[in-house]
Amino acid sequence: MSVEESFARIARQRDDLVRAALEHVAFDGWSKVTLRTAAEDLGWSPMEVDRLFPGGVGQVIEHYVALTDRDMMDRLAAMDIKSMKIRQRIGAAIRVRLDLAEAHKDAVRAAVAHLSLPQNLPKSLRMTAKTVDLMWQAAGDTSTDHNWYTKRGLLAGVYGSTLMYWLDDTSDGHQATWEFMDRRIGNVMMIPKVKASLGKAGKVAGTGLRLGRKIASCVPTPGRIARQFGGMR
């Protein structure tokens, strides 16, 4: 087996373990107990957990978010999103992202709680930055100037607040969430820079801590959540 094949095999095993763990997070959270139970469901030795995720629970949550991002991009690629108006493209991306997690709200809630811890803020910023960047890529954005940061910072605020609303939404079909999301998108679309043409050529810059610092003011923290939505769980 080549090195590439070995890495691909590990990636598939990580995907399988995380997907299996989703059935148990509601009972034991994102924990070693959950992961070992998931490994047993797959017929694996519990020791496989440490082999696949030596970085512990934090690495597992990061993989879960990245896995959901990939699922989001696959679903958006199957849609005729480019025929939509810009605000509809963004709304579709957020809705698809949350629809994918609908069956596992407890897993999302536990991940948000973990990432809200002060020591995990840099990781949370990087992950949020990656998610919103993928949403803009799916929407067709190719900007490279300061608008690249502006768009992603604004979308981080919309996505983050919509996520918090969605977690506590019990309305039929999450209709209240989608109405909330539409209002938030409407607010930011009033800013001319967000409505700039997506036709400019260029490559999308990489995400990371630099973008994280720029969108930090938009990412939901425990304090902002408490002020805006009365807190979480």
Side-chain angles (χ1 to χ4, degrees), residues 65 68-69 72-73 75-76 79 81-102 105 108-109 112 115-116 121 124-200 204-205 207 210-232:
V65 173
T68 311
D69 283 345
M72 173 189 71
M73 294 299 283
R75 186 171 294 187
L76 289 172
M79 299 169 58
I81 192 171
K82 298 298 175 61
S83 67
M84 303 176 185
K85 295 181 178 179
I86 297 303
R87 65 179 296 160
Q88 293 172 326
R89 298 181 194 183
I90 295 304
I94 295 175
R95 184 161 184 163
V96 164
R97 186 65 172 71
L98 296 182
D99 280 346
L100 285 166
E102 181 177 355
K105 266 194 176 184
V108 177
R109 187 175 286 109
V112 169
L115 293 170
S116 294
L121 183 58
S124 176
L125 296 176
R126 288 196 304 270
M127 292 161 65
T128 300
K130 181 63 175 178
T131 296
V132 298
D133 180 47
L134 289 172
M135 288 178 177
W136 270 116
Q137 288 185 44
D141 181 54
T142 57
S143 62
T144 56
D145 57 9
H146 66 279
N147 283 334
W148 189 89
Y149 294 101
T150 301
K151 292 173 182 176
R152 283 149 183 80
L154 291 170
L155 181 52
V158 173
Y159 171 62
S161 59
T162 302
L163 171 63
M164 294 301 107
Y165 194 101
W166 173 83
L167 281 172
D168 291 326
D169 183 14
T170 58
S171 65
D172 187 27
H174 292 99
Q175 184 59 36
T177 294
W178 312 136
E179 291 173 358
F180 173 85
M181 176 190 72
D182 287 341
R183 291 193 298 271
R184 289 302 313 275
I185 293 176
N187 289 340
V188 300
M189 290 298 288
M190 292 173 64
I191 301 174
K193 290 180 180 180
V194 180
K195 295 187 290 186
S197 171
L198 294 178
K200 296 181 180 179
V204 176
T207 58
R210 184 168 56 135
L211 173 57
R213 287 194 296 269
K214 288 182 177 291
I215 67 173
S217 62
C218 301
V219 175
T221 63
R224 294 183 189 118
I225 294 168
R227 288 194 297 273
Q228 296 182 28
F229 306 105
M232 56 177 287

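Note that the structure is predicted; figures quoted are calculated from it, not measured. Quick note: numbers below take in every heavy atom, side chains included, and nothing from hydrogens, waters or symmetry partners.
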Side-chain (S171) to main-chain (A176) donor-acceptor, under 3.5 angstrom: yes

CG-CZ distance between L100 and R95, expressed to the nearest 0.5 angstrom: 12.5 Å

Min side-chain heavy-atom separation R89-M135 under 4.5 Å: no

Side chains of Y159 and R97 in contact at under 4.5 Å (non-hydrogen atoms): yes

Residue pair V96 / M79, side-chain heavy-atom distance below 4.5 Å: yes

Point-to-point distance, once rounded to the nearest 0.5 Å, from CG of N147 to CH2 of W136: 9.5 Å

Candidate pair D69 and M127, rule side chain to side chain contact (heavy atoms under 4.5 Å, CB included), full reasoning: CA-CA 10 Å; D69 283 345; M127 292 161 65; over 6 Å; no

Over all atoms of both residues, closest heavy-atom pair of A92 and I81: CB-CD1, 4.5 Å

Test item: K130 and R126 side chains (from C-beta on) under 4.5 Å apart, heavy atoms: no

Ion pair D141/K151, N-O distance below 4.0 Å: yes

Residue list, salt bridge (charged side-chain N to carboxylate O under 4.0 Å, His left out) with D169, at least two apart or on another chain: none

Between OH on residue Y165 and NE2 on residue H174, distance to nearest 0.5 Å: 11.0 Å

I90 vs V158 side-chain heavy atoms within contact, under 4.5 Å: no

CA sep, side-chain torsions, deciding dist, call: L155, I94, side chain to side chain contact (heavy atoms under 4.5 Å, CB included): CA-CA 9 Å; L155 181 52; I94 295 175; 3.9 Å; yes

pair Q137-T142: side-chain heavy atoms closer than 4.5 Å: no

Audit row: T162, T177, side chain to side chain contact (heavy atoms under 4.5 Å, CB included) steps and yes/no: CA-CA 7 Å; T162 302; T177 294; 3.7 Å; yes

From Q88 atom CD to S83 atom OG, the distance as rounded to the nearest 0.5 Å: 8.5 Å

Pairing residues for D182 by the side-chain contact (heavy atoms from CB on, under 4.5 Å) criterion, not counting sequence neighbours: none

Matching residue for R152 among T131, D133, T128 - test: side-chain hydrogen bond (donor to acceptor under 3.5 Å, both in side chains): D133

Spacing of F180 atom CZ and Q175 atom CD [to the nearest 0.5 Å]: 14.0 Å

Check: M181 and I185 side chains under 4.5 Å, non-hydrogen atoms: yes

Donor-acceptor contact below 3.5 Å, side chain R109 vs main chain L167: yes

Non-hydrogen side-chain atoms of K105 and W166 separated by less than 4.5 Å: yes

S161 side chain to R184 side chain, donor-acceptor N/O pair below 3.5 angstrom: yes

